Amino acid sequence: MNIILSGVKPTGIPTLGNYLGAFKSFAKMQKEMSDYEIFMFVADMHAITVPQNPQELRKNIKNVAALYLACGLSPENLTLFLQSEISEHLELGYVMQSLCYMGELERMTQFKDKMAKQETSITSALFTYPALMAADILLYDAKYVPIGDDQKQHLELARDLAVRFNNRFGETFTVPEGIITKTGARIMDLQNPTKKMSKSVDGDKGCIYLLDPINVVKKKIKSAVTDNFAKVHYDVENQPGVSNLMTIYSAITEMSYDEIEAKYAGKGYGDFKSDLAEIVGDEVSKIQEKYNYYINTKELDELLNKGRDKAKVFAQRKLKKIYHKLGLGRY
Ligand code: ATP
Ligand code: MG
């Protein structure tokens, strides 16, 4: 059986970046690749690599699960579960750590970025997190992993570890392939367009959270940083703010950059921004409508129970094989 798998950390309210870079493509894939099984999990174990407030974490876990569905994933042909409810992720995570070199983890740019920001409070789990992420994927022999562009390096490591294990212990893991959406590959902060929009980073104004009130969503778009060129033109180097807004525009409307440029030729940023504010506002309000349904019904918990039971069967079976290959245990 072929599996598409992805996870999102409940480190805050998911953002427009998460939606355009990840959630949106999950739904598309589910429709287009109907002969694949879709496994989606809430990566709550990854969330605690940085400090979390337990009450908020519990809420965020439910929010991420509900938003998967609100962003268009259909509950049919979907295995939706929490990472912390399948202990095999951690067990295989340890196995992956025993295959993975310090140097490989030290090279991860996300770790280096966080290191630069947090200085002394980096946990060892944050350092080893890519090994756990490799386990998340390899445990289910996922063939495709839809991810945002920022996860490319981690996926590459998962592939290396799969190949390393297979070479040492015999064919065991499917080597996963990342699927990165063309548009919306990386949405940047609206106030600081050289930094990626991130749910766990403070800086409220530059980040659109999927549960923001719609008037706030629109206001954030309208007050996004642009430049003095007064020309809607895609040029990441010289016009990073406008280019980021064009990326958002294009990802939602599926218009190309050329088409957007032509539409706003000779106009300033005012029209462009107000149109985009409406476009994003409409998109987010559709998501919130479905979110409100799922967060208030028993259906979400039922789906999570069903997903947990199914994922558990897969995970247990796979881990047993892996331990056997490694020579662990008595059989
Ligand atoms: P954190 O700040 O806690 O790392 P995050 O916003 O980066 O949160 P993740 O849970 O790490 O979110 O990632 C969830 C998915 O969203 C991943 O597939 C990731 O590649 C994608 N993603 C995250 N940020 C962006 C972004 N700014 N643009 C596009 N895709 C993104
Ligand atoms: Mg991230």
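Whatever order the structure lists ligands and atoms in, that order sets their numbers, starting from 1. No hydrogens, no waters, no symmetry mates; every other heavy atom, side chains included, goes into these values. Computed from a prediction, not measured in an experiment: that's the story for all the values here.
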Legend entry - Test: Asp141 and Lys318 ion pair at under 4.0 Å: yes
Legend entry - Tyr36-Gln30 side chain donor-acceptor pair, cut-off 3.5 Å: no
Legend entry - salt_bridge(Lys9, Asp44) N-O dist < 4.0 Å: no
Legend entry - Atoms in ligand 1 flagged as close to Ser200, the criterion being non-hydrogen separation under 4.0 Å: 1 (P), 2 (O), 3 (O)
Inset, instruction - State whether the shortest distance between N or O atoms of Ile147 and N or O atoms of ligand 1 falls below 3.5 angstrom. - result: no
Legend entry - Pairwise ring pair (Phe, Tyr, Trp, His ring centres under 6.0 Å) hits with a residue in residues 262-288, at least two apart: Tyr249-Tyr264, Tyr249-Phe272, Tyr264-Phe272
Inset, instruction - Please examine the side chains of Asp35 and Asn2, heavy atoms only from C-beta on, and report whether any two atoms are closer than 4.5 Å. - result: no
Inset, instruction - Pick, from Lys199, Gln110, Lys196, the option with the minimum heavy-atom distance to atom 24 (N) of ligand 1. - result: Lys196
Legend entry - N or O pair under 3.5 Å between Ala22 and ligand 1: no
Legend entry - Residue portion contacting ligand 1 (non-hydrogen atoms closer than 4.0 Å) for Ser198: both
Legend entry - ligand 1 to Lys9 polar contact by distance, N or O atoms, under 3.5 Å: yes
Inset, instruction - Output yes when Lys195 and Asp189 qualify as a salt bridge under the 4.0 Å nitrogen-oxygen rule, no when they do not. - result: no
Inset, instruction - Assess Thr15 for proximity to ligand 1: is some non-hydrogen atom of it under 4.0 Å away? - result: no
Legend entry - Atoms in ligand 1 with a heavy atom of Gly21 nearer than 4.0 Å: 29 (C), 30 (N)
Inset, instruction - Would you list the pairs meeting salt bridge (Lys or Arg N to Asp or Glu O under 4.0 Å) in which at least one residue belongs to residues 153-180, sequence neighbours left out? - result: Glu104-Arg164, Lys143-Glu177, Glu156-Arg159
Legend entry - Polar proximity ligand 1 side, Gly17 side, N/O cut 3.5 Å exclusive: yes
Inset, instruction - Please identify which atoms of ligand 1 are closer than 4.0 Å to at least one heavy atom of Thr11. - result: 1 (P), 3 (O), 8 (O)
Inset, instruction - Output the list of atoms in ligand 1 that are nearer than 4.0 Å to some heavy atom of Arg186, sorted by atom number. - result: 28 (N), 29 (C)
Inset, instruction - Check whether any side-chain heavy atom of Met40 sits under 4.5 Å from a side-chain heavy atom of Leu78, and report yes or no. - result: yes
Legend entry - For Asn18, atoms of ligand 1 separated by under 4.0 Å from a heavy atom: 5 (P), 6 (O), 12 (O), 13 (O), 14 (C), 16 (O), 22 (N), 23 (C), 24 (N)
